[in-house]
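Below is one structure, written out as structure tokens; the observations come after it.
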Amino acid sequence: MPPAVITIAELAAHAGETVTLRGWVYNWRKKGKLRFIILRDGFGYLQCVVFEPEVDPAVWEAAVALTQESSVVVTGTLVADERAPGGYELKVTGIETIQVAPEYPIGKKDHGPDFLLNHRHLWLRSRRQHAIMRVRSELSQAIRDFFYSRSYTLIDSPILTPAAAEGTSSLFETDYFGEAKAYLSQSGQLYLEPAAAALGKVYCFGPTFRAEKSKTRRHLTEFWMVEPEVAWLRFDGLLDLCEEFLAEIVARVIDRCRVDLERLERDTTKLEPATRRPYPRIDYGDAIVKLQSLGQQIQFGGDFGGDDETVLAEQYDRPVMVTRYPAQVKAFYMQLDPADPIRALAVDVLAPEGYGEIIGGSERSDSLEHLERQIAAHGLPREAYEWYLDVRKYGSFPHSGFGMGIERCVAWLCGVPHLRETSPFPRLINRLYP
């Protein structure tokens, strides 16, 4: 019977057996009559050892001919070895070369970000990028499981929309069959609100687009966002939901991505406080006073800049929730604070370590008249929002929701400085390739 074909994720179940693995040569080195080949197969990394006196000449010749990123099928005896990376190594008895790769463009020397982004399709194969993508995948699944386990209904909101959700200055515009203008979605929220009236608890999870001409490390022009919307949920309940959600998904990533986080040299002790509730909550006005005492120049009524967010978050060991912002710096659809009508019932959740806002949410206005005034005040075309206003005409109800950009959360969890590493193929103001 031929050897079992396994993946590196299955090594523990096959120690001592003869097995076959398929993958690529991540790295190799030689030492006299030994060839050490680091095989990667998408699931992990395995050291494969070829000893010339113990293999057929053809196997040795194949091992010597291999180059970085050559594709191979290797067979051998799997041996537990604490000294080996991952705790196992393969004593090779056979090699089938699928392709010997030419010189690989990404070498061991340092490369600049432009070079690496131009070769993003190959850069993804590196250990660091492999680990980041695995964290992103686990985070995405944790998000889906969080909402599924709480009986939320997934709503796939449209990418092409007739109206803005966050302001017209950051819209990607396109012609819609010569009859109208359409825009790439900034958010699925406006579509989730009517869905919440139909289904109670809903969420969407998909790509969103912002045409902000920003070159900061915190911005992408295309990113993925998860957005829940909940009927009958008031502002205090929204704060609890943000906190419960973030604590659970962070704990899940720490638990299930330990190897990946270690590979990234991420200090998880800095993440662990985020798994514990409650989170600190601070009123916007109090936050302004605190920031001013710390030397920031911000005044009441202004929106936080990146430096303000960083300085404030540094005062806490876990995400901090800033509440009740001035309505003038927030979106048109937010509910005003009945105790202070110049404020909106809005929250931003700021991550520690300089990663900034990772969640933004609010209670939504349930007043038709208020929304009509807001649409006019923001210079938005009323006809594009008639369907949205219908939600307030026919059975208006209190409801709240939030949005979280996946890439910012991944950057924080992985401890990487720039969002460009957290997207498989990032889109930036100056980058549409590959």
Side-chain angles (χ1 to χ4, degrees), residues 6-13 21 23-24 26-27 38-47 82 84-88 116 120 123-150 203 205 217-218 220 223-226 242-277 279 317-319 349 351-356 358-359 404-426:
I6 68 168
T7 68
I8 292 172
E10 301 169 304
L11 297 181
L21 295 103
W24 299 265
Y26 184 73
N27 203 348
I38 303 300
L39 184 78
R40 65 169 189 86
D41 70 348
F43 296 91
Y45 301 84
L46 176 66
Q47 179 169 277
E82 293 182 357
Y88 296 91
L116 291 172
R120 182 61 172 170
W123 189 25
L124 278 174
R125 302 183 185 190
S126 72
R127 282 181 184 262
R128 177 182 171 88
Q129 303 309 311
H130 178 268
I132 294 170
M133 290 304 108
R134 283 176 57 87
V135 170
R136 180 186 173 115
S137 177
E138 187 62 45
L139 175 67
S140 296
Q141 189 60 49
I143 288 167
R144 296 182 188 279
D145 289 347
F146 178 91
F147 291 116
Y148 184 80
S149 68
R150 290 161 175 80
Y203 78 103
F205 192 5
R217 66 186 181 91
R218 295 181 180 179
L220 296 171
F223 60 96
W224 277 61
M225 188 153 65
V226 57
C242 292
E243 189 177 79
E244 180 186 7
F245 168 76
L246 202 53
E248 183 167 313
I249 62 175
V250 172
R252 165 92 167 247
V253 168
I254 292 174
D255 179 52
R256 300 196 184 184
C257 294
R258 291 190 181 276
V259 172
D260 303 298
L261 294 172
E262 287 174 6
R263 187 168 292 139
L264 293 165
E265 299 181 344
R266 181 55 161 133
D267 182 357
T268 56
T269 63
K270 294 182 178 181
L271 296 175
E272 286 165 2
T275 68
R276 299 190 289 270
R277 302 172 63 191
Y279 290 174
D317 69 346
R318 65 198 68 190
V349 183
E353 303 177 80
Y355 286 93
I358 52 172
I359 287 179
M404 184 185 81
I406 300 306
E407 287 80 3
R408 281 196 189 179
C409 191
V410 172
W412 169 47
L413 292 173
C414 292
V416 300
H418 201 295
L419 264 61
R420 62 191 170 212
E421 289 192 74
T422 66
S423 173
F425 294 95

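Every heavy atom of this structure was used, including side-chain atoms; hydrogens, water molecules and symmetry mates were not.
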Quick one: does any side-chain atom of S137 pair with a main-chain N or O of M133 as donor and acceptor, under 3.5 Å?
no

Could you report the tightest heavy-atom contact between R252 and A142, atom names first, then the distance?
CG-CB, 3.5 Å

Between CD1 on residue I406 and CZ on residue F205, distance to nearest 0.5 Å:
3.5 Å

Main chain of R263, side chain of R127: is a donor-acceptor contact present, judged purely on distance under 3.5 Å?
no

Hey, could you give me the CD1/CZ distance between I132 and R266, rounded to the nearest 0.5 Å?
11.5 Å

Apply side chain to side chain contact (heavy atoms under 4.5 Å, CB included) to the pair M404 and I249, showing each step before the final yes or no.
CA-CA 12 Å; M404 184 185 81; I249 62 175; 4.0 Å; yes

Looking at Y203 and V226, what are the two nearest heavy atoms and their distance?
CD1-CG2, 4.1 Å

Taken to the nearest 0.5 Å, the spacing of Y279 OH from L246 CG works out to 4.0 Å

So does Y26 have more than 12 non-hydrogen atoms from other groups sitting under 6.0 Å from OH?
yes

Can you tell me if Q141 uses its side chain to pair, donor with acceptor, with the backbone of E138 under 3.5 Å?
no

Taking all heavy atoms of M225 and all of G405, pick out the closest pair and write down the distance.
CG-N, 4.2 Å

F245: what forms a ring pair (Phe, Tyr, Trp, His ring centres under 6.0 Å) with it, not counting sequence neighbours?
F146, F147, F402

Is it true that the side chains of E272 and T275 contain a donor and an acceptor less than 3.5 Å apart?
no

With a 3.5 Å distance limit and no angle check, can you tell me whether R218 reaches the backbone of R408 through a side-chain donor-acceptor pair?
no

Report the residue from L220, I358, V416 that forms a side chain to side chain contact (heavy atoms under 4.5 Å, CB included) with E407.
L220

So, R120 versus Q129: side-chain donor-acceptor pair below 3.5 Å or not?
yes

Would you confirm whether D41, through its side chain, and I8, through its main-chain N or O, come within 3.5 Å as a donor-acceptor pair?
yes

For a 4.5 angstrom cut-off between non-hydrogen side-chain atoms, does P352 reach W412?
yes

Give the minimum heavy-atom separation between I254 and R258, together with the two atoms involved.
O-CG, 2.9 Å

For the CD atom of E10 and the CG atom of L21, what is their distance to the nearest 0.5 Å?
9.0 Å

Quick check: closest heavy atoms across P319 and V349, and the distance to 0.1 Å?
CB-CG1, 3.8 Å

Main-chain N/O of C409 paired to Y355 side chain as donor or acceptor, under 3.5 Å
no

At their closest point, which heavy atom of D260 faces which heavy atom of A131, and how far apart are they?
O-CB, 3.7 Å

CD/E265 to CZ/R128 distance, rounded to the nearest 0.5 angstrom?
9.0 Å

Apply side chain to side chain contact (heavy atoms under 4.5 Å, CB included) to residues V250 and V253 and explain how you reach the verdict.
CA-CA 5 Å; V250 172; V253 168; 6.0 Å; no

Is it the case that atom OH in Y148 sees more than 12 heavy atoms from other parts of the structure closer than 6.0 Å?
no

Any chance you could measure L261, atom CG, to D255, atom CG, to the nearest 0.5 Å?
10.5 Å

Counting distance only, does the side-chain N/O of R420 pair as donor-acceptor with the main-chain N or O of P426 below 3.5 Å?
no

